[in-house]
2 protein chains.
Amino acid sequence: MDLNERKLRILQAIIHDFIITGEPIGSRTLSKKFDMGISPATIRNEMADLEEMGFLTHPHTSAGRIPSDKGYRLYVNHLMQKYELPEKEKQIIASKLTSDFNELEQTIEKAAGLLSEITNLTSFALTPQQDEDVLKYINILPVDERTVVLMIVAESGKVSNTALRISVPYSEENLAILSKTLTYNYRGKTISQVLTSDIIKNFETDIEAMSRLAENIMPNFMKTLENMLNVDLYMAGQTNIFSIPEFNDIDKAKMFLEMLSKKDDLTRTLVNRDDGVIITIGDENSEEILPDCSLITATYHIDGKLVGKIGVIGPTRMKYDEITSVVEFVTEKLNSTFKLPEGKE
Amino acid sequence: MDLNERKLRILQAIIHDFIITGEPIGSRTLSKKFDMGISPATIRNEMADLEEMGFLTHPHTSAGRIPSDKGYRLYVNHLMQKYELPEKEKQIIASKLTSDFNELEQTIEKAAGLLSEITNLTSFALTPQQDEDVLKYINILPVDERTVVLMIVAESGKVSNTALRISVPYSEENLAILSKTLTYNYRGKTISQVLTSDIIKNFETDIEAMSRLAENIMPNFMKTLENMLNVDLYMAGQTNIFSIPEFNDIDKAKMFLEMLSKKDDLTRTLVNRDDGVIITIGDENSEEILPDCSLITATYHIDGKLVGKIGVIGPTRMKYDEITSVVEFVTEKLNSTFKLPEGKE
DNA sequence: AGTTAGCACTCACGGATAACGAGTGCTAAC
DNA sequence: GTTAGCACTCGTTATCCGTGAGTGCTAACT
């Protein structure tokens with residue numbers, strides 16, 4: 001039994017219709033709606049074949065057919081045609097996404113908001129992973145007798161700081177020395193290199209006062225570094241789920257929202273995705289993702305280097321063509337926003 | 001018609017029962033359950049009176065009575081007895097809330113998580129308002145040819161920073177001068193004072209290079225200051241709503257979650273609340289809060305100075321006594337965590 | 001041989017009806 | 001003032017049944 005042209009046309013029609021209506025569709029209705037020059041009976045036979053091949057299912061005996069995950073996959077890979085975003089929409093996105101380079105995080109958050117607004121799905125965005133980011137310098141500044149600020153600056157311009165109380169008195173001079181020493185030791189190393197290095201664990205100096213100071217500061221130094229490594233997850237449009245008929249059921253909605261609330265799981269899932277525009281459908285997803293959800297993600301780049309992720313999550317029944325285009329376009333815009341105007345770093 | 005002792009006892013019994021079961025309760029069931037020495041008929045009469053006075057309602061003619069918001073108010077003010085948290089629970093809270101002074105934000109977030117876990121409601125916490133916080137110093141540090149880090153440190157130890165790209169070349173010396181000038185101008189002023197001052201808008205120097213530098217930096221200086229003023233809202237247990245029968249209805253749950261997603265509104269509502277442990281019931285709340293929700297909040301202090309808020313939101317039917325105690329205790333623990341061990345600042 | 005008409009069958013959905021039970025208010029007796 | 005008795009209300013649940021969109025199968029048609 002082969003997947004001839006007619007079968008593909010029928011499959012496409014079913015998916016097309018189902019994506020819009022959300023209702024199972026039967027042979028008779030399909031032939032009326034799409035006028036494909038063959039009788040319902042013929043369609044019925046083809047449908048039965050498509051089902052046998054795993055591209056369709058039906059919720060119960062006397063209902064119409066709906067696409068299976070495998071059906072969607074075929075559609076996304078071969079049947080779906082590229083959707084060109086209307087110029088108007090492009091302009092809206094572009095205008096809402098202008099910002100300057102400094103507002104990296106706000107821009108990413110804004111992009112997530114935009115994405116959920118346009119797609120009516122739940123969107124998310126990950127800030128870039130900083131694994132490869134290299135330390136520039138470390139600075140410890142006095143605040144008052146018992147408080148100092150530890151500040152770590154990376155090549156990328158990312159800054160992380162903590163105010164910390166210390167239990168021993170300090171002199172500004174000692175702070176300066178410690179800052180210099182730390183900078184000297186770690187400048188040019190990546191964050192993860194520093195974190196796994198031994199030196200950091202047994203940082204020693206021969207000056208008594210200094211070593212006491214270091215004792216106070218080093219644990220926080222590590223924490224602050226770890227903070228720099230963490231990616232942040234932004235989300236928007238969580239409640240959009242309620243406007244989707246399939247999830248208009250208390251249990252489904254609950255499960256969906258509970259899935260979203262497990263930010264760690266979600267972050268991990270997203271971090272592990274491949275680069276580029278990736279679509280995963282239903283059970284292709286990892287276990288953390290609800291069974292009948294699909295994920296569309298893309299990677300954006302900062303200054304050509306660092307990468308973050310952005311995308312949407314929704315029911316397997318979604319307008320893959322349109323949504324892919326939106327995600328693609330937003331990513332494109334992000335890339336150009338985060339591109340350095342001149343030269344390289 | 002007066003609110004005699006017997007009426008109060010009946011009201012208390014009704015509220016007590018309703019808080020537990022969530023079902024309207026009738027005269028017969030009440031008399032059986034509580035064995036108060038009077039017949040259902042008598043209870044019925046008293047109930048009718050209580051309803052006339054506005055403390056009870058019934059959802060429909062042939063249903064039992066349920067407390068009205070006014071009824072809950074009476075209960076909370078006069079009938080409710082203090083609930084003593086079991087020692088075990090106290091220990092759990094205490095042990096989970098230990099942390100050092102530096103981890104202010106994490107601790108607050110943790111407290112919110114704890115609150116939702118124990119109460120099975122949605123909890124939230126506001127970071128301290130920084131209005132009265134006073135600037136300590138401003139530092140501008142070089143990163144690379146086109147990037148500097150602007151860093152503002154407040155008396156409280158709070159630090160805010162932004163990495164910013166500037167369009168003109170700079171010398172480290174100029175940065176240092178600008179830092180010093182800014183610090184000199186604004187040290188000792190509160191953030192809001194600085195933000196509303198004129199100086200900031202037309203910062204001028206006679207040195208050409210400096211003024212160009214300042215032009216680049218000042219707008220970001222203001223933004224960074226504004227960031228320092230913003231309070232952050234943490235939330236936890238949003239999906240707990242699904243386990244509450246009254247909200248086990250798609251529309252209700254949706255409205256609740258949509259209310260929570262309007263963070264700005266929520267933050268405003270919380271910021272505007274009075275100090276101390278405050279309970280507001282149903283329509284006593286501002287419009288942003290769903291009609292049949294109650295709010296219990298408390299203020300925690302950092303180092304003795306008044307500041308942040310923490311609390312829970314749930315259906316008007318909640319265990320006011322227990323939950324108030326939990327909120328109170330968590331607040332207490334936060335206070336002692338955030339108390340400086342010695343002396344004053 | 002592929003296509004189609006016809007037909008018996010399936011099954012979710014919606015409306016109608018009825019029994020049930022927890023409740024009420026009222027009246028009259030205690 | 002309290003209580004027993006009673007008629008009445010009304011949401012809940014179960015049952016039944018007609019409807020209609022669907023199916024698979026078979027036999028006739030091109």
Side-chain angles (χ1 to χ4, degrees), chain A residues 1-11 13-15 17-18 20-68 245-246 248-249, chain B residues 1-11 13-15 17-18 20-68 71 245-246 248-249 252:
Chain A
M1 185 160 36
D2 63 330
L3 209 51
N4 59 27
E5 216 270 321
R6 193 171 68 187
K7 280 199 178 59
L8 287 177
R9 249 177 39 235
I10 291 175
L11 181 61
I14 294 174
I15 294 183
D17 187 84
F18 184 70
I20 303 216
T21 66
E23 299 294 325
I25 186 163
S27 52
R28 201 178 133 71
T29 327
L30 194 74
S31 88
K32 264 193 292 185
K33 255 193 185 170
F34 289 84
D35 183 34
M36 30 185 43
I38 42 176
S39 80
T42 314
I43 295 178
R44 225 156 28 237
N45 290 331
E46 297 287 41
M47 276 176 161
D49 288 354
L50 283 167
E51 181 164 359
E52 201 180 325
M53 286 187 262
F55 298 111
L56 296 177
T57 24
H58 50 213
H60 56 88
T61 327
S62 66
R65 297 308 209 293
I66 60 173
S68 66
E246 286 95 313
N248 212 311
D249 145 28
Chain B
M1 186 159 37
D2 63 330
L3 209 52
N4 59 28
E5 218 268 322
R6 193 170 71 187
K7 280 197 177 61
L8 288 178
R9 251 180 35 237
I10 291 176
L11 181 60
I14 293 174
I15 294 183
D17 187 83
F18 185 71
I20 303 211
T21 65
E23 299 295 324
I25 185 160
S27 51
R28 202 179 134 69
T29 326
L30 194 73
S31 88
K32 264 194 291 183
K33 255 193 187 171
F34 288 85
D35 183 32
M36 30 184 44
I38 43 177
S39 79
T42 313
I43 294 178
R44 221 147 42 227
N45 290 331
E46 297 286 41
M47 277 175 158
D49 290 352
L50 283 167
E51 180 163 1
E52 203 181 322
M53 287 187 264
F55 297 111
L56 295 177
T57 23
H58 51 214
H60 56 87
T61 328
S62 66
R65 297 308 209 291
I66 59 172
S68 67
E246 286 95 312
N248 214 311
D249 145 29
K252 277 272 193 119

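Chain naming here is simple, since letters A, B, ... match the order of the sequence lines and numbering starts at 1 in each.
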**Student:** Leu30(B) has an atom CG; how far is it from atom P of dG23(C), in whole Å?
**Tutor:**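 About 10 Å, once rounded to whole Å.
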**Student:** Considering just the side-chain nitrogens and oxygens of Thr29(A), establish if one lies under 4.0 Å of OP1 or OP2 belonging to dG22(D).
**Tutor:**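 Indeed, a polar side-chain atom of Thr29(A) lies that close.
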**Student:** Could you identify the nucleotide paired to dA1(C), looking across every strand shown and requiring Watson-Crick or G-U wobble geometry with both distances under 3.5 Å?
**Tutor:**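 Across all strands, the one nucleotide that pairs with dA1(C) is dT30(D).
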**Student:** Does the base of dG2(C) carry an N or O that pairs as donor and acceptor with the side chain of Arg44(A) under 3.5 Å?
**Tutor:**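 Counting by modelled atom types and ignoring angles, no donor-acceptor contact under 3.5 Å is found here.
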**Student:** State whether Arg65(B) and Glu51(B) are salt-bridged, where the test is any N-O pair (Lys NZ or Arg NE/NH1/NH2 against Asp/Glu carboxylate O) under 4.0 Å.
**Tutor:**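 Yes, Arg65(B) and Glu51(B) are salt-bridged.
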**Student:** Do the side chains of His58(B) and Met47(B) get nearer than 4.5 Å, heavy atoms only?
**Tutor:**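 No, side chains not in contact.
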**Student:** Check the distance between dG24(D)'s C1' and Leu56(A)'s CG and give it to me in whole angstrom.
**Tutor:**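 Whole-Å distance recorded here is 16 Å.
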**Student:** Are Ile43(A) and Glu46(A) packed together at the side-chain level, in the sense that at least one heavy-atom pair is separated by less than 4.5 angstrom?
**Tutor:**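 Answer no - side chains too far apart.
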**Student:** Output the single nucleotide from dA5(C), dT2(D), dG22(D) whose closest atom is nearest the side chain of Thr42(B).
**Tutor:**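 Within the option list, the nearest is dT2(D).
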**Student:** dT4(C), dG25(C), dT23(D): which one has an atom nearest the side-chain heavy atoms of Arg65(B)?
**Tutor:**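 Looking only at side-chain atoms, Arg65(B) lies closest to dG25(C).
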**Student:** Atom CE of Met36(B) to atom C1' of dT2(D): distance rounded to whole Å?
**Tutor:**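 Computing the Met36(B):CE to dT2(D):C1' distance gives 16 Å.
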**Student:** Hey, is the side chain of Ser62(B) pairing donor to acceptor with the base of dT9(D) inside 3.5 Å?
**Tutor:**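 When only heavy-atom distances are counted, Ser62(B) does reach the base of dT9(D) through a donor-acceptor pair under 3.5 Å.
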**Student:** Does the structure show a Watson-Crick or G-U wobble partner for dG5(D), both distances under 3.5 Å? Name it, or say none.
**Tutor:**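 Across all strands, the one nucleotide that pairs with dG5(D) is dC26(C).
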**Student:** Identify the two heavy atoms, one from Thr57(A) and one from Pro67(A), that lie closest to each other, and give their separation to 0.1 Å.
**Tutor:**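 Scanning both residues, the minimum pair turns out to be OG1-O, 4.3 Å.
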**Student:** Provide, to the nearest angstrom, the distance between the CD1 atom belonging to Ile43(A) and the P atom belonging to dT3(C).
**Tutor:**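 So the two atoms are 12 Å apart, to the nearest Å.
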**Student:** Calculate the interatomic distance between Ile14(B) atom CD1 and dA22(C) atom C1'; express it in whole Å.
**Tutor:**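 To the nearest whole Å, that distance equals 15 Å.
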**Student:** So which nucleotide from dA4(D), dT2(D), dA5(C) ends up closest to the side chain of Arg6(B)?
**Tutor:**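 Of dA4(D), dT2(D), dA5(C), dT2(D) is nearest to the side chain of Arg6(B).
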**Student:** Given atom NE2 of His60(B) and atom C1' of dG25(C), what is their separation to the nearest angstrom?
**Tutor:**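 Spelled out: NE2 on His60(B) to C1' on dG25(C) is 16 Å.
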**Student:** Given atom CD of Glu51(B) and atom C1' of dT24(C), what is their separation to the nearest angstrom?
**Tutor:**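 Computing the Glu51(B):CD to dT24(C):C1' distance gives 10 Å.
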**Student:** What is the nucleic acid contact for Arg28(A), judged by heavy atoms within less than 4.0 Å: base, sugar-phosphate only, or nothing?
**Tutor:**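 Answer is nothing: Arg28(A) stays at 4.0 Å or more from every strand.
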**Student:** Grab the CD1-C1' distance between Ile25(A) and dT23(D) for me, whole Å please.
**Tutor:**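 It is 15 Å, rounded to the nearest whole Å.
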**Student:** For DNA chain D, whose closest nucleotide is more 5', that of Thr61(B) or that of Gly37(B)?
**Tutor:**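 Taking each residue's closest nucleotide, the earlier one in sequence belongs to Gly37(B).
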**Student:** Under 4.5 Å between any side-chain heavy atoms of Leu11(B) and Leu3(B), yes or no?
**Tutor:**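 Counting from C-beta outward, Leu11(B) and Leu3(B) never come under 4.5 Å.
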